[in-house]
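In the text below, chain A, chain B and the rest are named by the order of the sequence lines, each starting its count at 1.
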Amino acid sequence: MVLIALTLLLLLLSFLRDRDKTRIALKRAAVKFLNIAFIIVLLIVLIPLVFVFLPEDQLGPLFQAIPLSAGLFLASLLGSVTMMPGFIAFPLGGILSESGVPLTIIAGFTTTLMMVGIATFPIEKRYFGTRTALLRNLVSFFLALIVSLIIGLSSGEWL
Amino acid sequence: MKKLSGALILIAALGLSLLFRSIEYGPGLVWGSYFLAYLKDMLRILPFAFILIGLFEVWVKRETVERHLGTRSSPAAFLWAILLGGVTVGPMLVALPVAQALRAKGARLPVVLTYLGAAAVCRIPMMLFESSYLGLRFTILRFGISLPLILLSSLALGRYLEGKEKP
């Protein structure tokens, strides 16, 4: 809501200040948007398939049955491949946490979800080049593991 | 070509989700609800984010960005990157174009990487939401540990990649 209001306000100010510049700005915005629109359509159509095959109610028992490190790795892998808005991811995390899944695993999932993106990799590659995109995602993955382990440590889940 | 097929896929997907709703096909409903949620999220955010980026590109001078976020900038640049990341709305899909726009205007790679990391995990509205589901302690911990790590890794990675970029 704030975003929309702010954008419209700035757009109006820009329009009043300089019409041509505003038109150029809008054109560039449109071009950028269309450039990645196709990939986004693919993403929003294909990623939900992951959830069709994912047994959500079995996730809780699953993560409690396997060793923590395996669970963390699995959750991080899953988070890396998926893409989810926060308002779906966090309630999901909350439910899992309440059904007993360790915070380590939830942290791993949410952090990789936000920081690492196999789904967004094509776009990132286009913007920054393969090497940067690859390394950033890799570094972020390990960063997520570290953060999750520390959270788990301080929550008494291991050691 | 791509745009046409993209549009067609989208329309087909919308049609399918309606179909699944009406015949109540279980897996289809699961898919449909996620698909529509994503679609709504994207439409709510992406157009406006791109407009802001367009305005940024047209109005903000390269010199300004360079001075504050470029090679001659002070460490305060990282603070700006974190703050900007904190107020970014939307998923990485939004942060990426913003980061690219910054880079194109002369921001240093370490700063841009810091922004990306901060936009990924330090978004303020998202953290509020997170704490309401996973607890304040969890959020603060995660934030407190992630931020320094992001800074360090972005610095290191950025410097390394910058070195590699000069042909």
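Side-chain N/O atoms of B:Arg137 and A:Ser154 include a donor and acceptor closer than 3.5 Å.
When A:Leu103, A:Ile123, A:Val2 are compared by the number of non-hydrogen pairs under 4.5 Å with chain B, A:Leu103 comes out ahead. With chain B as the partner, the residue from A:Gly117, A:Ser97, A:Pro91, A:Gly93 showing the most heavy-atom pairs under 4.5 Å is A:Pro91. In terms of heavy-atom pairs under 4.5 Å with chain A, the best-connected choice from B:Gly54, B:Ser153, B:Gly28 is B:Gly54. Heavy-atom pairs under 4.5 Å with chain A peak, among B:Val30, B:Leu10, B:Leu96, B:Ile145, at B:Leu96.
No side-chain heavy atom of A:Phe87 sits under 4.5 Å from any side-chain heavy atom of B:Met126. With a 4.5 Å cut-off on side-chain heavy atoms, B:Gln100 and A:Arg126 do not count as touching.
Between the B:Tyr38 side chain and the A:Met83 main chain, a donor and an acceptor come within less than 3.5 Å of each other. In this structure a side-chain-to-backbone donor-acceptor pair under 3.5 Å is present from B:Trp31 to A:Val45.
Within the 4.5 angstrom heavy-atom criterion, no atom of A:Ser148 approaches chain B.
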Next item on the list: Would you sort out whether A:Phe33 and B:Ile51 count as a side chain to side chain contact (heavy atoms under 4.5 Å, CB included), showing the intermediate values?
Entry: CA-CA 9 Å; A:Phe33 181 66; B:Ile51 292 177; over 6 Å; no

Next item on the list: Go through the steps to decide whether B:Phe48 and A:Leu6 satisfy the test side chain to side chain contact (heavy atoms under 4.5 Å, CB included), and finish with yes or no.
Entry: CA-CA 9 Å; B:Phe48 304 100; A:Leu6 182 69; over 6 Å; no

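For the pair A:Lys21 and B:Glu57, the salt-bridge criterion is not met [side-chain N within less than 4.0 Å of a carboxylate O].
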